[in-house]
Amino acid sequence: MRTGEVLSRLTTDIQMVDSLLTTSVSYALRNVLTLIGATILLLIVSPKLTGMVMLITPLLLGPLFLFGRKVRALTVESQDRFAGAVGFAGESVDAIETVQAFGREASARARFDRAVESAFAASLRRMNARAWMTALVIVVMFGGVSLVLWLGARDVVAGVMTPGALLQFVLLSVFAAGAVGALGESWGDVQKAAGAMDRIDELMKAEPSIATPPHPSPLPDPPRGEVSMSGVSFAYPGRPDLPALEGFDLTVRPGETVALVGPSGAGKSTVFRLLLRFYDPQTGTVRVDGVDVREADPGAVRERFAWVSQEAPLFSESAIENIRFGREDVRLEEARDAAERAQALTFLDALPEGFDTPLGERGRSLSGGQRQRLAIARALVRNAPILLLDEATSALDAENERLVQAALDQAMEGRTTLVIAHRLATVLRADRIVVMDGGKVVEEGTHAELMAQRGLYARLADLQFRTR
Ligand SMILES: Nc1ncnc2c1ncn2[C@@H]1O[C@H](COP(=O)(O)OP(=O)(O)OP(=O)(O)O)[C@@H](O)[C@H]1O
Ligand SMILES: [Mg+2]
């Protein structure tokens, strides 16, 4: 499901339920009261005729339920399509520069057009069903009134009923009929909101596949900073046929620095995602400090990690809020210190409001390398026992990379660190290098050992030395 689709459910669907609860309910309530009052008076004026009117009621309920169900199904459909259109628009607006750079404005507009048209068509079908429902209710209702009027007129002619009473009866039944008609319409609203509710419900019922077990095993305290993965095979839910990891084994001792290297798509970032338990592997176990992460509270597991992800996403809040994201109770001095170590202090202080400057959506007002340094500061303040660095310095120039690397080296002291890097300079510092290819460990050792093996690592390393 696209982000925009989720947002559409959270907004327009909830809006529908909201308008039912606020407007429609009071309208329906008013009509229910009218109906009750009119029925009581009708019973007083002429029980016999009222009884006949009551006989017509089941005739009304048939079409009401039939069309009601249809309105509900069509609501789900039209909202789904609307959400699709919103999702698509969201994606295009989000990547507006890419859309413009590739000259795809017209096609993006056309696709959005089609999506909206199709949502509108579904909406029309829903309105159609609702209109038929209301029309039928009104026809049956007023047909009934005419019938009763005819029967009443015969009673008047026969002298059983006075003309005044008939007039009273007809007036009251018009009130009652109007109320029933309005209630039929409200029923349409209820069905519409029920359709929207179905969609919200679906969202709320979505069980996270990563859940806390009923009795989570506690992680050892104080933290040791040990991770191990054994026999792990994993394929992403979206690509069940393509294993991202296959029989992957890795143990990192407390305080050790391990570098993961390998070609793009080898599964390096996937290792981090499994450690952070965004996914569970299909086979094998992931352990943090000796505890199977499946038996632990995911929150407690993640607390042990500070992660600098490959994309390093920021939030639209201020710089200080973004750093605080790493640890909520961080003091300003600590945040400044972390920013300094991550070489972010100079450019942050140069912003119009310094640390309080809002960074724009996803931190777009910063350059790629600046974003990356802020993400490193965010990870540094976290003070977690295990550091996960995924290409953390890839967007930096050589000078800044050297400085940030020095800060990271310092942070790695006494911490367990897993670092993914393509650049050899970063890898050389590791205690151990694990070479991955196709989701497996293919080589392992120190730089010197791996160079002597003349395998994949030596080949990758040679290529880098040659280009220097
Ligand atoms: N969310 C996802 N859904 C489906 N497949 C995915 C997903 N994320 C990654 N993959 C696939 O899993 C494999 C491993 O991806 P991963 O991100 O771990 O590679 P990587 O080693 O980090 O590569 P890079 O160096 O380019 O970052 C790739 O083949 C990729 O196509
Ligand atoms: Mg990656």
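Just follow the structure's listing: the first ligand is 1, and inside any ligand the first atom is 1. Values below: all heavy atoms of this structure, side chains included; hydrogens, waters and symmetry mates excluded.
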Exercise. Is a salt bridge present between Asp94 and Arg364, judged by a nitrogen-to-oxygen distance below 4.0 Å?
Worked result: yes
Problem set entry | Atoms named by residue and atom, protein N, O or S, within reach of the Mg ion (ligand 2) (under 2.8 Å) | Ser269 OG, Gln310 OE1
Exercise. At what distance is the nearest protein heavy atom to atom 25 (O) of ligand 1, and which residue and atom is it?
Worked result: Lys268 NZ, 2.8 Å
For this session: Please state which part of Met436 comes within less than 4.0 Å of ligand 1, counting heavy atoms only: side chain, backbone, both or neither.
Result: neither
Exercise. Does atom CD of Glu333 have more than 12 heavy-atom neighbours from other groups under 6.0 Å away?
Worked result: yes
For this session: Decide, yes or no, whether a salt bridge links Asp337 with Arg341 under the criterion of side-chain N to carboxylate O below 4.0 Å.
Result: yes
Seminar exercise, completed: Residue, atom and distance of the protein heavy atom nearest atom 17 (O) of ligand 1 read Ser269 CB, 3.6 Å
Exercise. If you measure from the Lys or Arg side-chain nitrogens to the Asp or Glu carboxylate oxygens, is any gap between Arg81 and Glu77 under 4.0 Å?
Worked result: yes
For this session: Would you mind checking if Asp409 and Arg402 are paired as a salt bridge, meaning a charged N to carboxylate O distance below 4.0 Å?
Result: no
For this session: Among all protein heavy atoms, pick out the one at the shortest distance from atom 26 (O) of ligand 1; state its residue, atom name and that distance to 0.1 Å.
Result: Ser264 OG, 2.5 Å
Exercise. Is Ala266 near ligand 1, meaning one of its heavy atoms is under 4.0 Å from it?
Worked result: yes
Problem set entry | Residue of the set Thr285, Asp249, Thr251 for which side-chain hydrogen bond (donor to acceptor under 3.5 Å, both in side chains) holds with Ser230 | Thr285
Seminar exercise, completed: For atom 31 (O) of ligand 1, the closest protein heavy atom turns out to be Arg239 NH1, 4.1 Å
Problem set entry | Any N or O of Ala244 closer than 3.5 Å to N or O of ligand 1 | no
Exercise. Thinking salt bridges, do Lys205 and Asp198 make one under a 4.0 Å N-O criterion?
Worked result: no
Exercise. Taking atom CD of Glu391 and atom OG1 of Thr426, what is their separation to the nearest 0.5 Å?
Worked result: 8.5 Å
For this session: Give the residue, atom name and distance (to 0.1 Å) of the protein heavy atom nearest atom 29 (O) of ligand 1.
Result: Leu242 CD2, 3.8 Å
Exercise. Just which atoms of ligand 1 are under 4.0 Å from any heavy atom in His422?
Worked result: 25 (O)
Exercise. Considering only protein heavy atoms, which is closest to atom 16 (P) of ligand 1, and at what distance to one decimal place?
Worked result: Thr270 OG1, 3.5 Å
For this session: Measure the distance from atom 1 (N) of ligand 1 to every protein heavy atom, then report the residue, atom name and distance (to 0.1 Å) of the closest one.
Result: Tyr236 CD2, 3.7 Å
For this session: Output yes when a protein non-hydrogen atom is found under 4.0 Å of atom 6 (C) of ligand 1, and no otherwise.
Result: yes
Exercise. Salt bridge between Glu321 and Arg324, side-chain N to carboxylate O under 4.0 Å?
Worked result: yes
Exercise. Between Gln372 and Ser394, is any side-chain donor less than 3.5 angstrom from a side-chain acceptor?
Worked result: yes
For this session: Using distance alone, determine whether Tyr279 and ligand 1 share an N or O pair under 3.5 Å.
Result: no
Problem set entry | atom 28 (C) of ligand 1: the protein heavy-atom neighbour that sits closest, reported with distance to 0.1 Å | Gly265 O, 3.9 Å
Exercise. Side-chain contact, heavy-atom cut-off 4.5 Å: Val441 with Leu250?
Worked result: no
For this session: Could you list the atoms of ligand 1 found under 4.0 angstrom from a heavy atom of Gln310?
Result: 24 (P), 27 (O)
Exercise. Relative to each other, are the rings of Tyr279 and Phe234 parallel, tilted or perpendicular (30° and 60° limits)?
Worked result: tilted
Exercise. Just wondering, are more than 12 heavy atoms of other shown residues or ligands nearer than 6.0 Å to CZ in Phe82?
Worked result: no
